[in-house]
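A note on names: the letters A, B, ... follow the listed sequences, proteins ahead of strands, and every chain is numbered from 1. Since the structure is predicted, the reported quantities are computational estimates derived from the model, not experimental observations.
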Amino acid sequence: MNKRNVVLAFLALAALLVAPHFLKSYGLYLLTYWLVFILATMGLNLTVGYAGQKSLGHAAFFGIGAYTVAIMMKAGLSFWLGLPAAALLCFLVGLALGFPALRVQTIYLAFATLGFNTAAWLVMRNEEWLTGGTFGINNIARPSLFGMSLDGSLAYYHFTLGMTIIFAALLWGLLRSPWGKAFTALRDNPIRAESLGVDIRGYTLLSFAIGAAYAGIAGALFASLVQFIDPAPFTVGSSIMMYLMVVVGGPGYFLGPVLGAAVGVVLPEWLRFAQAWYLFVFGTAVVLLMIWLPDGLLSIPDRLRARREAREASAARSAAAARHGGNA
Amino acid sequence: MTDFLQLFFSGMATGSIYALAALGFTLLWQASGTINFAQGEFVMLPAFAMVGLIAAGAPLPLAFVLTVVLAIGVLGWAFKRGVVDPLFRHGMMPIVVATIGLSIALSNGVRAGYSAEAHPFAGMFPDRIFNIAGVTITLADCGTLAFALLLVLATQSFLARTVTGRAMQAVAQNTESATVLGINVPRMIFYTFAINAALACAAALLVTPVYLAKFDMGVSLGTKAFFAAVIGGFNNSRGALLGGVIVGVGENLAAAYVSPQYKDAVALALFMVVILFKPQGLLGRKEERKV
């Protein structure tokens with residue numbers, strides 16, 4: 001991280017701390033909502049952007065996390081027990097699902113996760129004794145931290161911000177560890193990575209399961225944020241949306257999810273009155289983006305830099321050629 | 001036993017519709033390496049086109065023919081030119097993402113621009129019920145099954161018996177050799193897209209009387225078509241038929257004997273079993289991976 005990035009990070013943090021004071025409660029809610037989805041899509045970015053797997057069932061893990069916390073809190077257990085349980089459950093389910101699906105081509109994982117999402121959604125809708133069915137679970141409490149209640153929306157916002165930063169930092173660390181390098185190696189060239197001794201199967205499985213665990217944590221925060229959950233936010237459609245958020249923001253860019261979550265959930269939530277039109281425009285934009293900018297929005301600076309460098313290089317070449325021509 | 005036969009037969013009818021969508025899926029995959037996530041929406045749009053044309057006073061056969069022509073232009077030619085061709089050199093994933101975007105745009109475009117309601121659609125088969133040895137069979141099921149089977153077999157024999165069909169197969173197997181042999185590769189690929197569009201229209205014609213025309217009808221249909229294609233074998237056109245029928249029958253039996261609420265999970269369960277034990281699909285060939 002160079003100095004400019006450090007300054008930018010501090011400015012962003014300052015903005016995130018100051019912004020709530022200028023927002024009404026709905027604005028604050030949207031901001032917290034955004035953070036939750038950043039956390040969820042960061043996990044997906046690990047799976048999709050860094051390890052190159054195609055997962056279309058992220059909302060199922062998000063939902064499993066949310067329901068785990070909600071059900072445990074309804075049973076009188078603490079949020080602080082529910083949160084790791086949600087993460088662990090998602091991690092294990094991710095392992096169990098990824099194991100068969102990763103045996104074959106990557107595209108199979110996409111459909112296996114898609115089908116898994118349908119199945120998870122059916123369980124959420126049908127098993128009323130556990131999940132409340134379509135009536136959902138309401139009055140989910142917010143946790144408290146070291147005796148401080150996080151009931152207020154500002155307090156909960158700060159809590160979510162803190163959690164997002166902690167887990168973003170963990171992910172940053174993971175990506176810079178040998179593990180992270182192995183993930184990228186197997187995305188860029190799986191066969192080469194295998195011949196270099198990277199256990200492809202193990203690492204892809206792990207990247208998928210860790211991504212799922214992030215969704216579980218985000219889901220836990222989501223349950224306490226909205227305080228009422230029903231199966232609706234955990235459909236296949238939501239999963240596809242999360243995948244597109246990663247792709248639109250820029251897969252493999254650390255901050256891609258920040259941008260992706262803004263255009264993928266926060267804008268449509270805010271523009272709820274015109275949601276169908278928004279999604280129509282969004283879908284069309286995705287198609288155009290793939291044609292013109294297949295690496296996502298955050299690849300624009302890289303693109304511009306590459307173009308400038310190419311131009312400079314060609315200018316230098318022609319200047320050199322002119323000089324040689326002059327000498328001859 | 002009669003119940004079982006009844007369920008089995010109506011499952012086959014539904015399955016044959018899945019097979020139509022799945023067949024288009026495998027043909028696109030073989031010819032151009034395209035996995036079309038908007039396959040379900042490719043069935044939904046013709047359904048609405050037919051609903052619109054019938055509302056405008058066209059009789060059903062005319063509406064269907066016009067829809068097929070329109071679909072070959074829009075879902076075949078324009079889709080290939082506008083989405084697949086520019087993305088082809090980037091590999092498979094950008095096409096997958098673009099077709100996901102396309103499916104969102106199409107379904108929400110219909111929802112916002114036309115209607116969010118379900119529209120009834122009269123089928124081409126009259127309501128009649130047969131009773132053979134205690135087994136009740138509807139004419140609609142018989143007709144659907146016969147029509148879908150006929151289409152699948154017609155497509156197959158077109159691919160296997162005609163010069164154009166064989167050229168299309170050559171392109172699917174090895175594009176470079178096909179070019180060397182003087183086959184017009186882009187045209188053959190366009191034919192595949194056109195056949196896919198026409199099959200989608202036929203699937204719409206058969207499925208809409210049951211599912212009703214609704215903006216989100218494509219979601220489950222598209223997924224099941226893919227599952228059916230994989231179960232049968234992704235690189236084998238006959239596999240699509242087998243896979244579709246297996247999924248349709250499996251769903252119907254599971255709904256009756258296991259749990260109606262989990263009917264939609266059957267295709268997933270079958271798919272998982274197949275990729276665990278026979279990843280290339282029931283009728284598929286194993287493909288070697290290339291470095």
Side-chain angles (χ1 to χ4, degrees), chain A residues 48 52 54 56 97 99-112 114-123 125-127 189-192 195 235-237 240-241 243-244 246-248 251 274-292 294-296, chain B residues 29 35 37-38 82-83 85-87 90-113 116 215-216 219-220 222-224 226-227 229-230 234 259-273 275-277 279-280 287 289-291:
Chain A
V48 172
K54 316 300 161 199
L56 293 176
L97 176 68
F99 184 72
L102 289 170
R103 278 162 52 92
V104 273
Q105 294 176 38
T106 50
I107 195 68
Y108 284 60
L109 182 69
F111 278 95
L114 199 78
F116 165 71
N117 203 148
T118 311
W121 184 82
L122 285 172
V123 171
R125 195 195 61 185
N126 294 337
E127 301 304 318
N189 191 339
I191 296 173
R192 179 161 186 274
S195 64
T235 55
V236 170
I240 289 179
M241 214 50 200
Y243 180 76
L244 290 182
V246 171
V247 172
V248 167
Q275 208 178 26
W277 281 118
Y278 178 82
L279 289 174
F280 172 68
V281 174
F282 179 81
T284 314
V286 168
V287 178
L288 297 178
L289 191 75
M290 278 302 111
I291 294 173
W292 285 313
D295 295 324
Chain B
W29 164 251
I35 291 190
F37 263 79
V83 179
D85 284 354
L87 284 172
H90 296 303
M92 183 173 67
M93 276 334 282
I95 297 183
V96 167
V97 175
T99 53
I100 291 177
L102 190 66
S103 83
I104 292 179
L106 292 179
S107 58
N108 284 289
V110 167
R111 176 175 151 206
F215 72 94
D216 60 357
V219 180
S220 66
T223 324
K224 280 171 196 162
F226 178 86
F227 285 147
V230 173
F234 218 51
S259 152
Q261 290 159 326
Y262 285 103
K263 184 180 164 203
D264 287 335
V266 171
L268 167 78
L270 289 169
F271 165 81
M272 287 300 239
V273 172
I275 61 172
L276 260 179
F277 296 106
Q280 70 275 28
E287 275 177 15
R289 64 181 188 172
K290 293 177 205 141
V291 177

Name the atoms and distances for all side-chain donor-acceptor pairs under 3.5 Å in residues 284-292 of chain A, with sequence neighbours left out.
unit_1	atom_1	unit_2	atom_2	d
A/Thr284	OG1	A/Phe280	O	2.7

**Request:** Evaluate side-chain contact (heavy atoms from CB on, under 4.5 Å) for B/Lys263 paired with A/Leu122, printing each intermediate quantity in order.
**Result:** CA-CA 9 Å; B/Lys263 184 180 164 203; A/Leu122 285 172; over 6 Å; no
**Request:** With a 4.5 angstrom heavy-atom cut-off, could you sort out which part of A/Tyr278 is near chain B: side chain, backbone, both or neither?
**Result:** neither
**Prompt:** Considering all heavy atoms of both residues, which atom of A/Ala119 and which atom of B/Ala265 are nearest to each other, and what is their separation?
**Reply:** CB-CB, 4.4 Å
**Prompt:** Given that the side chain runs from C-beta out, which part of B/Leu102 has a heavy atom under 4.5 Å from chain A: side chain, backbone, both or neither?
**Reply:** both
**Message:** Which atoms of B/Val97 are under 4.5 Å from chain A, going by heavy atoms: the side chain, the backbone, both sets, or neither?
**Reply:** both
**Asked** At a heavy-atom separation under 4.5 Å, does B/Phe215 approach chain A through its side chain, its backbone, both, or neither?
**Response** neither
**Request:** Determine the option with the most heavy-atom pairs under 4.5 angstrom with chain A, choosing from B/Arg111, B/Gln261, B/Lys224.
**Result:** B/Gln261
**Fill in**
Across all chains, not counting sequence neighbours, the side-chain hydrogen bond (donor to acceptor under 3.5 Å, both in side chains) partners of A/Asn126 are none
**Asked** Given the rule in the side-chain contact (heavy atoms from CB on, under 4.5 Å) test, do A/Val236 and B/Thr223 qualify, once you have shown the distances and angles that lead to the verdict?
**Response** CA-CA 10 Å; A/Val236 170; B/Thr223 324; 6.0 Å; no
**Asked** How far apart are the closest heavy atoms of B/Asn108 and A/Ala276, and which atoms are they?
**Response** CB-O, 3.4 Å
**Message:** Can you tell me which portion of B/Pro94 sits under 4.5 Å from chain A's heavy atoms? Options are side chain, backbone, both or neither.
**Reply:** both
**Prompt:** Given a strict heavy-atom distance threshold of 4.5 Å, which part of A/Leu114 is in contact with chain B: side chain, backbone, both, or neither?
**Reply:** side chain
**Prompt:** What part of B/Val110 gets closer than 4.5 Å to chain A, counting heavy atoms only: side chain, backbone, both or neither?
**Reply:** neither
**Message:** Using the rule given for side-chain contact (heavy atoms from CB on, under 4.5 Å), can you reason through A/Thr118 versus B/Leu268, listing the C-alpha separation, both sets of side-chain angles and the distance that settles it, and then say yes or no?
**Reply:** CA-CA 9 Å; A/Thr118 311; B/Leu268 167 78; over 6 Å; no
**Message:** Measuring from atom CZ of A/Arg125 to atom CG of B/Asp264, what distance do you get when rounded to the nearest 0.5 angstrom?
**Reply:** 7.5 Å
**Prompt:** In terms of heavy-atom proximity below 4.5 Å to chain A, should B/Tyr262 be classed as side chain, backbone, both, or neither?
**Reply:** both
**Complete:** One should read off an interatomic distance between B/Ile100 CD1 and A/Leu56 CG, to the nearest 0.5 angstrom, of 5.0 Å
**Prompt:** Does any heavy atom of chain B fall under 4.5 Å from the side chain of A/Val123, the backbone, both, or neither of them?
**Reply:** both
